[in-house]
S.K.: 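Take a look at the following structure, please.
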Number of protein chains: 2
Amino acid sequence: MTNEPGHEIADALGVLLTRSTREHLHAALTEGLGEAVDALTYPLLSGLDRAGARSAADLGREIGLDRTTVTRRADRLQRAGLLRRDPDPCDARATLLALTDAGEAVVATTRGRLAAHIDASLASWPAEDARTFSRLLHRFVTDGPFTGEAPRH
Amino acid sequence: MTNEPGHEIADALGVLLTRSTREHLHAALTEGLGEAVDALTYPLLSGLDRAGARSAADLGREIGLDRTTVTRRADRLQRAGLLRRDPDPCDARATLLALTDAGEAVVATTRGRLAAHIDASLASWPAEDARTFSRLLHRFVTDGPFTGEAPRH
DNA sequence: CCAAGAAGCGTGCTTCGAGCACGCTAATCT
DNA sequence: AGATTAGCGTGCTCGAAGCACGCTTCTTGG
């Protein structure tokens with residue numbers, strides 16, 4: 001127990017990261033959503049849902065993946081009907097990756113399940129603590145230490 | 001802004017996960033610590049530091065990796081002098097994975113750098129908010145939704 | 001006390017994801 | 001209008017992850 005919250009938060013985040021990357025958690029969250037949705041492809045769906053239709057290169061920068069990797073994963077999701085490629089009206093070479101209705105439904109379902117998990121574990125908390133935690137976490141993420149841009153290689 | 005903190009927390013965690021898995025962040029945290037320490041091998045070091053010397057199978061269960069994968073990564077860290085294999089005094093077949101002094105120093109340096117990042121972004125916060133956030137986050141991680149055991153395949 | 005089964009570890013082998021280089025099309029600049 | 005740059009998709013190569021196998025050692029039942 002130190003006077004600097006940074007160390008405690010760092011430890012907590014380390015544990016959180018380790019736990020949340022467990023395969024079985026992702027399997028539970030995406031259960032029954034089709035073969036194309038797994039721990040590798042979901043970040044694309046989530047990123048598109050957050051930022052709207054984007055080009056493959058932009059989405060790659062957003063989620064820290066190579067452009068070609070995004071293309072390959074998008075192929076799978078497109079075959080599954082969760083994502084479509086629209087030609088960019090402003091640029092004929094560019095194609096915009098966008099969620100289909102089915103894709104949006106998948107994102108909504110997954111986020112709802114995660115929220116349910118979180119709500120369940122917050123059930124024993126005082127309501128005010130839960131709201132405070134939500135508010136502080138949001139602030140931490142907004143102007144937190146992870147907002148830097150990824151450099152190009 | 002909904003009445004259910006779960007949805008907000010879910011969104012924040014999604015962003016946090018996406019950001020924190022960026023390669024360049026890990027590169028900054030492990031800069032100058034040797035070639036063997038990267039985003040793949042650091043979880044082993046961190047896990048050993050948290051739980052102490054363990055067998056490869058136990059460590060694999062802890063961090064959600066296959067036993068053989070742990071072995072291969074441990075080989076690299078051992079060659080780099082950050083990890084050693086001690087024979088288990090209670091069981092001649094088992095070998096315990098343990099951090100060397102250099103390995104502990106690497107973990108300490110990395111966690112210190114992460115803590116510094118966090119402290120820097122918390123500098124503009126009221127001190128009480130920072131402490132509250134630290135406390136709530138710790139509680140969330142301790143009895144949060146990610147404490148379940150990984151099922152064996 | 002010993003024999004058979006179980007548990008732990010390391011290593012060849014296969015599969016699959018990630019990134020680089022290349023070629024193509026279209027936009028932009030001079 | 002020609003040249004240069006930007007965006008996209010695809011063959012190709014490298015490396016990581018997990019499975020099957022063999023070896024050693026512990027355990028348990030006769």
Side-chain angles (χ1 to χ4, degrees), chain A residues 18 21-24 26-27 30 35-45 47-48 51 53-80 83-98 150-153, chain B residues 18 21-24 26-27 30 35-45 47-48 51 53-80 83-98 150-153:
Chain A
T18 314
T21 51
R22 300 268 268 261
E23 186 61 33
H24 78 103
H26 206 279
T30 60
E35 191 63 30
V37 183
D38 56 3
L40 280 72
T41 50
Y42 183 72
L44 269 76
L45 270 52
L48 282 180
R54 309 193 61 121
S55 76
D58 279 351
L59 184 59
R61 272 185 283 272
E62 172 79 16
I63 62 182
L65 254 51
D66 189 79
R67 175 180 63 79
T68 60
T69 303
V70 173
T71 295
R72 299 268 159 73
R73 294 189 183 184
D75 289 346
R76 250 194 290 175
L77 294 170
Q78 187 176 16
R79 272 195 298 273
L83 179 147
R84 68 172 185 272
R85 284 180 158 93
D86 295 335
D88 189 336
C90 307
D91 191 337
R93 356 169 239 184
T95 62
L96 295 179
L97 272 46
R152 299 319 305 154
H153 293 286
Chain B
T18 314
T21 51
R22 301 267 268 261
E23 187 60 34
H24 77 105
H26 206 278
T30 59
E35 189 64 30
V37 183
D38 56 2
L40 280 71
T41 49
Y42 183 72
L44 269 75
L45 269 52
L48 283 180
R54 311 195 58 123
S55 75
D58 278 351
L59 184 58
R61 273 185 283 271
E62 171 79 16
I63 61 182
L65 254 52
D66 189 81
R67 176 180 62 82
T68 61
T69 303
V70 173
T71 295
R72 298 266 158 72
R73 294 188 183 184
D75 289 346
R76 251 193 290 176
L77 294 170
Q78 187 176 16
R79 273 194 296 274
L83 179 146
R84 69 172 185 273
R85 284 181 157 93
D86 295 335
D88 188 336
C90 307
D91 190 338
R93 342 166 253 187
T95 62
L96 295 178
L97 271 47
R152 303 317 306 154
H153 292 287

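Remember, it's a predicted structure, so these values are computed and weren't measured experimentally. In what follows, chains are A, B, ... by sequence order, proteins preceding strands, each numbered from 1.
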S.K.: Can you tell whether the side chains of A:R61 and A:D58 come within less than 4.0 Å, N to carboxylate O?
M.R.: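 Answer for the salt bridge query: yes.
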S.K.: Hey, are B:D75 and B:R85 close enough for a salt bridge, meaning a charged N less than 4.0 Å from a carboxylate O?
M.R.: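 Answer for the salt bridge query: yes.
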S.K.: When you get a sec, tell me which of D:dC19, D:dC8, D:dT25 is the closest nucleotide to the side chain of A:A94?
M.R.: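 Shortest atom-to-atom distance from the side chain points to D:dC8.
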S.K.: For DNA chain C, whose closest nucleotide is more 5', that of A:C90 or that of A:L40?
M.R.: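 Taking each residue's closest nucleotide, the earlier one in sequence belongs to A:L40.
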S.K.: Counting side-chain heavy atoms from CB outward, which of C:dA26, C:dC13, D:dT24 is closest to A:A92?
M.R.: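 For A:A92, the side-chain atoms sit closest to C:dA26.
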S.K.: Would you say A:S55 reaches D:dG7's phosphate, i.e. side-chain N/O to OP1/OP2 under 4.0 Å?
M.R.: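 The answer is no; no side-chain N or O of A:S55 sits under 4.0 Å from OP1 or OP2.
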S.K.: Using OP1 and OP2 only, check whether a side-chain N or O of A:R85 sits under 4.0 Å from D:dG9.
M.R.: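 Checking A:R85 against D:dG9: at least one side-chain N or O falls below 4.0 Å of OP1 or OP2.
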S.K.: Looking at A:R93 and C:dA27, is any side-chain donor or acceptor paired with a base atom of the opposite kind under 3.5 Å?
M.R.: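 Side chain to base: no pair present.
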S.K.: Does a side-chain N or O from A:T95 land closer than 4.0 Å to OP1 or OP2 of D:dG9, or not?
M.R.: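 So the side chain of A:T95 is within the cut-off, an N or O lying under 4.0 Å from OP1 or OP2 of D:dG9.
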S.K.: Rounded to whole angstroms, how far apart are CZ on A:R61 and P on C:dG19?
M.R.: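 Value for this atom pair: 14 Å.
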S.K.: Contact class for A:D91 (heavy atom, under 4.0 Å): base, sugar-phosphate, or nothing?
M.R.: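 Sugar-phosphate only.
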S.K.: Measure from CG on B:L77 to P on D:dA16 and round the result to the nearest Å.
M.R.: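 To the nearest whole Å, that distance equals 12 Å.
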S.K.: For the side chain of A:R73, counting heavy atoms from C-beta on, which of C:dA18, D:dA17, D:dC19 is nearest?
M.R.: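 Of the options given, the side chain of A:R73 lies nearest C:dA18.
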S.K.: Below 4.0 angstrom from OP1 or OP2 of D:dG18, is there any side-chain N or O of B:T69?
M.R.: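 For B:T69, the contact criterion (side-chain N or O under 4.0 Å from OP1 or OP2 of D:dG18) is met.
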S.K.: Figure out the CG/P separation between A:L65 and D:dG9, and round it to whole Å.
M.R.: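 My rounded result for the distance is 15 Å.
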S.K.: For D:dG9, take OP1 and OP2 only and decide whether either is under 4.0 Å from a side-chain N or O of A:T71.
M.R.: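 Yes, within the criterion.
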S.K.: Side chain of A:R67, heavy atoms from C-beta onward: which of D:dG9, C:dG17, C:dG8 has the nearest atom to it?
M.R.: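 My answer, after comparing the listed nucleotides, is D:dG9.
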S.K.: For a 4.5 angstrom cut-off between non-hydrogen side-chain atoms, does A:D38 reach A:T30?
M.R.: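 No, too far: nothing below the 4.5 Å cut-off.
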S.K.: Side chains of B:V70 and B:L97: closer than 4.5 Å at any heavy-atom pair?
M.R.: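 The answer is yes; the side chains approach within 4.5 Å.
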S.K.: CG of A:L96 versus P of D:dG9: gap in Å, rounded?
M.R.: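 Roughly 11 Å, once rounded to whole Å.
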S.K.: Of the nucleotides C:dA27, C:dC20, C:dT11, which one has an atom closest to the side chain of A:D66?
M.R.: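 Nearest nucleotide to the side chain: C:dC20.
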S.K.: Find the distance B:L59:CG to C:dC9:P and express it as a whole number of Å.
M.R.: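 For the pair B:L59 CG and C:dC9 P, the rounded distance is 11 Å.
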S.K.: Given atom CZ of A:R72 and atom P of D:dT13, what is their separation to the nearest angstrom?
M.R.: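 So the CZ-P distance, A:R72 to D:dT13, works out to 14 Å.
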